[in-house]
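Below you'll find the structure, written out as structure tokens, and then a few comments.
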Amino acid sequence: MEKIKINWNLWINGLLFILTVFLLFNILSNMNPIAKSIGHFLQILSPLFFGAIFAYFLNKPVNKLMLLLKQTNAKFMRRHARQFSIFIVYIFVLLLLFFSFYYLFPLVVRNLAEFLRLLPNIYHNISQWLNSNQFQELDNFLNIEESIRYFVDNFTAQDAARYISSGIESLSTFTLGLAAQVFRLIVGLIISIYLLLYKKSILQLITRVGRISTKEEHLRTIKYYLRQTDVIFYKFISAQFLDACIIWVLSTLLLSIMHFTGIATNPFAVGLGLLIGIGNMIPYFGSIFASLLAMLIAFFTGGWEAALTTITMLIILQQIDGNIIGPKLMSGALNVNPIIVIISISIGGAYFGILGMFVAVPVAALLKIIFLEYLEAREDKMLLTDREN
């Protein structure tokens, strides 16, 4: 009788394939618990992420101050220049946080309380506007009266009570979440100090790992693009933040002057100025939406003249920012076509929310650099091939 030959390699490969399919099926069928576990793990590590972000943005001020301290005559100061520079920078940051929580936060809260106090008057003004000839003309063009009437007729006291109770529950949840985030931020701030203190040894360790895990040529390419990313992101985000602070101060002063001189009634200058400043960090869209909100509040508190004056002055301020302040701060760091900016902001906001809108432009600028360098490399290769032929 002939012996039956068994192809063990075929059987082992088949068994491995079945096991792989089975594992993939189990992973996909239990994706929610796995995603929750990953999310919980990342939440535990969030102070480390916050610390890395703090250390990244404070690294350059620390380095600049360290260079100044190394030029002093005091030997002890030169020897411990990095430690002193970290200490001075963090004292400055803590003073800014103290100013924000002790002076700025109460002003914003008072603006919010004033807005809530004026809600009956705003509601009265809205009702008058709904019955005015101006609204009738607008309604003939947009046909919005039916939608507003339907909402008013169907919005009952029970609906209001339900929204208020859900709002209180959301507020309590938000308060607990905010306390947890504040704790994580404090821990992250402490971690960032250690990251800055031991920055050199951490970078050396990362470089050693990179050398044993990839080729030297690939490592140089990675370092090059990391430096490009660092330059683009730091320049853009720091310039946008400084620009937002300037616009916040200027818009707050502008709205305050307009309110106190009686040009346009708007008692929420600090809160709206802060909103305009934050919105200004999102190119094109953010400042427009914030300015429109300021115009609406001015309209319902002071009428058409106040609204038109407010939006006109804010547009002038945005033009000054877009043509003078912004270019001076950016100094040509991001030369990105406006169409690419709009597309990148739309994609970033659709997939990653507000954070995606903030970082969409520097990501687009980095991708543009990579794409252009790839095109140049391919063109150079084609020219070299043509010369050889």
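All residue numbers in this chain count up from 1 along the given sequence. These numbers were taken from a predicted model, which means no experiment stands behind them.
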Under the side chain to side chain donor-acceptor pair (under 3.5 Å) test, residues paired with Lys223 that sit two or more places apart |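 Not a single residue meets the side chain to side chain donor-acceptor pair (under 3.5 Å) criterion with Lys223.
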Could you pull out all residues at least two apart from Tyr198 that satisfy side chain to side chain donor-acceptor pair (under 3.5 Å)?
->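 Here no residue qualifies.
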If you measure from [atom1] on [X] to [atom2] on [Y], what distance do you get to the nearest 0.5 Å?
| X | Y | atom1 | atom2 | result |
| --- | --- | --- | --- | --- |
| Ser201 | Ile206 | OG | CD1 | 9.5 Å |
| Asp243 | Asp321 | CG | CG | 4.0 Å |
| Asn63 | Lys60 | CG | NZ | 8.0 Å |
| Ile288 | Ile315 | CD1 | CD1 | 9.0 Å |
| Ile311 | Leu292 | CD1 | CG | 5.0 Å |
| Asn280 | Ile276 | CG | CD1 | 9.0 Å |

Could you check Leu274 against Thr252 for side-chain contact (heavy atoms from CB on, under 4.5 Å), going step by step and ending with a plain yes or no?
-> CA-CA 7 Å; Leu274 182 61; Thr252 300; over 6 Å; no
Among the clusters formed by ILVMFWY side chains lying less than 4.5 Å apart, do [X] and [Y] turn up in the same one?
| X | Y | answer |
| --- | --- | --- |
| Leu94 | Val62 | yes |
| Val93 | Phe183 | yes |
| Tyr194 | Ile191 | yes |
| Leu366 | Val231 | no |
| Ile222 | Ile232 | no |

Residue pair [X] / [Y]: nearest heavy atoms and the distance that separates them:
| X | Y | result |
| --- | --- | --- |
| Leu314 | Ala294 | CD1-CB, 3.8 Å |
| Arg184 | Ser46 | CD-OG, 2.8 Å |
| Ala290 | Leu275 | CB-O, 3.9 Å |
| Gly273 | Trp248 | C-CD1, 3.1 Å |
| Ala244 | Gly277 | CB-O, 3.0 Å |
| Leu195 | Ala55 | CB-CB, 4.0 Å |

How about [X] and [Y]: do any of their side-chain heavy atoms sit closer than 4.5 Å?
| X | Y | value |
| --- | --- | --- |
| Ile347 | Ile343 | yes |
| Phe57 | Phe233 | no |
| Tyr90 | Ile86 | yes |
| Arg227 | Tyr224 | yes |
| Ser251 | Leu317 | yes |

Main-chain N/O of [Y] paired to [X] side chain as donor or acceptor, under 3.5 Å:
| X | Y | answer |
| --- | --- | --- |
| Thr221 | Glu217 | yes |
| Arg78 | Leu69 | no |
| Thr214 | Gly210 | no |

For Ile88 and Phe92, run side-chain contact (heavy atoms from CB on, under 4.5 Å): C-alpha distance rounded to whole Å, both residues' side-chain angles, the deciding distance at 0.1 Å, then the answer.
-> CA-CA 6 Å; Ile88 294 170; Phe92 180 73; 5.7 Å; no
Kindly indicate, with the supporting measurements, whether the criterion side-chain contact (heavy atoms from CB on, under 4.5 Å) is fulfilled by Lys199 and Arg82.
-> CA-CA 11 Å; Lys199 171 193 166 185; Arg82 187 163 189 83; 3.5 Å; yes
Would you find more than 12 non-hydrogen atoms of other residues, nucleotides or ligands less than 6.0 Å from [X] atom [atom1]?
| X | atom1 | result |
| --- | --- | --- |
| Lys70 | NZ | no |
| Tyr56 | OH | yes |
| Phe49 | CZ | yes |

May I have the step-by-step check of side-chain contact (heavy atoms from CB on, under 4.5 Å) for Leu185 and Phe54, ending in yes or no?
-> CA-CA 9 Å; Leu185 287 173; Phe54 289 145; 3.7 Å; yes
May I ask you to say whether Lys235 pairs ionically with Asp230, meaning some side-chain N is under 4.0 Å from a carboxylate O?
->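 Looking at Asp230 together with Lys235, the answer is no, because their closest N to O distance does not fall below 4.0 Å.
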